[in-house]
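Just so we're clear, the structure is a prediction, and the values are computed from it rather than from any experiment. Only heavy atoms go into these numbers, but all of them, side chains included; no hydrogens, no water, no symmetry mates. Throughout, numbering of the chain's residues begins at 1 and tracks the sequence.
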Amino acid sequence: MVHVVEVKMKNLFAQSPEFLRTVNATVGASFIRDYSYAVAYWSAGDILVKDALKGDKDKRDGLFYPICFMYRHFIELTLKQLIIYAESFYEKTEIIGYELQKYTKPKKELESIHSLEILVGRLIDVLTCISEGYFDDEIKKIILEFHAIDPVGQAFRYPINRKHEKSFSQVQNFNIATIKAGINKVAQYFMGIDAYLEHYTTLADGIISEQNPQ
């Protein structure tokens, strides 16, 4: 059994003593990477699925909402980060004349977009201009399934939407193990895109440096 050390503090988010390493979470500054939030939501979803599958039916029913919220938010945050990387790489391909097609960056800021359909479409648009590959149809289908059931990121957060309608008005049964497997496929695919962008961004930076020596 893990012994949890509790220390009375004036505020919940007061700085915890360094020696309490077994209960401390360290965040901020260098502890935050570009994908820190996204990966955390993905991991949290997996942990909840594992816990739900060990529990009874009532537990699985209740955990469905936070599980899907975690997974959907993981998809949204990762799509946004990949778009940032891809659009940055496109700008470099323009400099060295390697772009495959012309890409016009949308004016709407990513922070204000919560539609997975719009986000995956934007990512595919920019990838088409910098890569000869095709976006996997199965991965797109999974993302759009999440979009269909939760278009603006609210259905898994609130029982009632802004129109005062129930987020889930009918009785339905969803296989959370299948959902987890699908999300993990998406995550692996996202990792491949990230690796591609990182590799070719490094090559592009090298070419730009050679063209513009200091």
Side-chain angles (χ1 to χ4, degrees), residues 1-86 88 109-116 119-120 123 139 142-143 146-147 149-150 152-159 167 174-198 201:
M1 178 180 289
V2 178
H3 179 62
V4 178
V5 179
E6 293 186 14
V7 176
K8 289 184 178 181
M9 294 188 292
K10 186 176 181 180
N11 300 308
L12 286 178
F13 291 97
Q15 291 301 298
S16 183
E18 176 66 23
F19 70 85
L20 295 178
R21 293 171 182 258
T22 58
V23 292
N24 282 350
T26 304
V27 302
S30 62
F31 286 91
I32 296 180
R33 306 290 191 273
D34 290 341
Y35 290 106
S36 292
Y37 278 66
V39 171
Y41 282 106
W42 171 30
S43 298
D46 279 358
I47 290 168
L48 287 176
V49 168
K50 184 177 180 180
D51 190 47
L53 293 176
K54 286 195 254 182
D56 58 23
K57 182 69 166 59
D58 288 342
K59 187 172 190 177
R60 287 196 299 279
D61 292 348
L63 287 178
F64 169 78
Y65 308 108
I67 286 169
C68 290
F69 171 76
M70 297 295 175
Y71 284 153
R72 190 197 183 284
H73 205 49
F74 158 71
I75 293 174
E76 179 179 328
L77 292 180
T78 308
L79 283 173
K80 288 179 176 179
Q81 192 60 55
L82 289 174
I83 289 168
I84 291 171
Y85 286 166
S88 175
E109 294 295 329
L110 283 174
E111 292 79 3
S112 63
I113 302 173
H114 301 290
S115 165
L116 299 184
L119 290 171
V120 73
L123 177 60
I139 301 303
I142 293 171
I143 293 171
F146 262 89
H147 172 78
I149 200 169
D150 190 359
V152 293
Q154 300 297 315
F156 300 124
R157 295 179 67 191
Y158 303 110
S167 295
F174 299 104
N175 187 318
I176 57 175
T178 298
I179 294 171
K180 176 180 183 293
I183 287 297
N184 286 333
K185 284 184 181 179
V186 171
Q188 294 298 322
Y189 190 73
F190 282 166
M191 288 180 197
I193 296 176
D194 179 64
Y196 172 88
L197 293 172
E198 182 178 11
T201 295

Report task. May I have all residue pairs that pass salt bridge (Lys or Arg N to Asp or Glu O under 4.0 Å) and include part of residues 36-52, sequence neighbours excluded? Result -> Asp51-Lys59

Query - Tyr35 and Leu77, any side-chain heavy atoms less than 4.5 Å apart - result: no

Query - Gln154 atom CD, over 12 foreign heavy atoms within 6.0 Å - result: yes

Query raised in the report: Quick one: are Leu63 and Ile176 in side-chain contact, heavy atoms under 4.5 Å?
Result: no

Report task. Decide yes or no on side-chain contact (heavy atoms from CB on, under 4.5 Å) for Ile179 and Phe146, but give the supporting numbers first. Result -> CA-CA 10 Å; Ile179 294 171; Phe146 262 89; 4.1 Å; yes

Report summary line: Rounded to the nearest 0.5 angstrom, the CD1-CD1 distance for Ile183 and Ile143 is 8.5 Å

Query raised in the report: Atom CG of Leu110 and atom CD1 of Ile84: how far apart are they, to the nearest 0.5 Å?
Result: 5.5 Å

Query raised in the report: Residues in side-chain hydrogen bond (donor to acceptor under 3.5 Å, both in side chains) with Asn175, at least two apart?
Result: Thr178

**Report entry** Closest non-hydrogen atom pair, Ala155 against Ser167
**Finding:** O-CB, 3.6 Å

Report task. Report the C-alpha separation of Ile193 and Tyr85 in whole Å, then their side-chain angles, then the decisive distance to 0.1 Å, and conclude whether the side-chain contact (heavy atoms from CB on, under 4.5 Å) test is met. Result -> CA-CA 10 Å; Ile193 296 176; Tyr85 286 166; over 6 Å; no

Query - Results of side-chain contact (heavy atoms from CB on, under 4.5 Å) for Ile149 - residues two or more places apart only - result: Phe156, Phe168, Phe174

Query raised in the report: By side-chain contact (heavy atoms from CB on, under 4.5 Å), which residues pair with Ser36, not counting sequence neighbours?
Result: Ile32, Arg33

Query raised in the report: Residues two or more places apart in sequence or in another chain: which of them pass ring-ring contact (aromatic ring centres under 6.0 Å, His included) with His73?
Result: Tyr41, Phe69

Query - Test side-chain contact (heavy atoms from CB on, under 4.5 Å) applied to Ser115 - qualifying residues, sequence neighbours left out - result: Glu117, Ile118, His147

**Report entry** Tyr189 atom OH, neighbour heavy-atom count above 12 within 6.0 Å
**Finding:** yes

Query raised in the report: Would a distance-only check, ignoring hydrogens and angles, find a side-chain to backbone donor-acceptor pair under 3.5 Å from Arg60 to Leu53?
Result: no

Query raised in the report: Can you name the residues that form a side-chain contact (heavy atoms from CB on, under 4.5 Å) with Ser112, not counting sequence neighbours?
Result: Lys108, Glu109

Query raised in the report: Would you say Tyr65 has more than 12 foreign heavy atoms packed within less than 6.0 Å of its OH?
Result: no

Report summary line: Closest non-hydrogen atoms of Leu79 and Val120, given as atom of the first, atom of the second and distance, are CD1-N, 4.0 Å

Query raised in the report: Looking at residues at least two apart in the chain, or sitting in another chain, which of them share a salt bridge (charged side-chain N to carboxylate O under 4.0 Å, His left out) with Lys57?
Result: Asp61

Query raised in the report: Donor-acceptor pair, Thr78 side chain versus Ala38 backbone, under 3.5 Å?
Result: no

Report summary line: On a heavy-atom basis, the closest approach of Ile142 and Gly182 is CD1-O, 3.6 Å

Query raised in the report: Please walk me through it: do Val49 and Tyr71 pass side-chain contact (heavy atoms from CB on, under 4.5 Å)?
Result: CA-CA 11 Å; Val49 168; Tyr71 284 153; 3.6 Å; yes

Query raised in the report: Going from CD1 on Ile83 to OG on Ser88, what distance comes out if it is rounded to the nearest 0.5 angstrom?
Result: 13.5 Å

Query raised in the report: Which salt bridge (Lys or Arg N to Asp or Glu O under 4.0 Å) pairs, counting each pair once, include a residue from residues 67-76, with sequence neighbours left out?
Result: Arg72-Glu76, Arg72-Asp150, Glu76-Lys80

Query raised in the report: How would you list, by chain and number, every residue that makes a side-chain hydrogen bond (donor to acceptor under 3.5 Å, both in side chains) with Glu18, sequence neighbours excluded?
Result: Arg21

Requested in this report: Only counting residues at least two apart or in another chain, list the ones meeting ring-ring contact (aromatic ring centres under 6.0 Å, His included) with Phe74.
Outcome: Trp42

Query raised in the report: If you look only at pairs with a residue in residues 179-196, which of them pass as a salt bridge (Lys or Arg N to Asp or Glu O under 4.0 Å), with sequence neighbours excluded?
Result: Glu138-Lys185

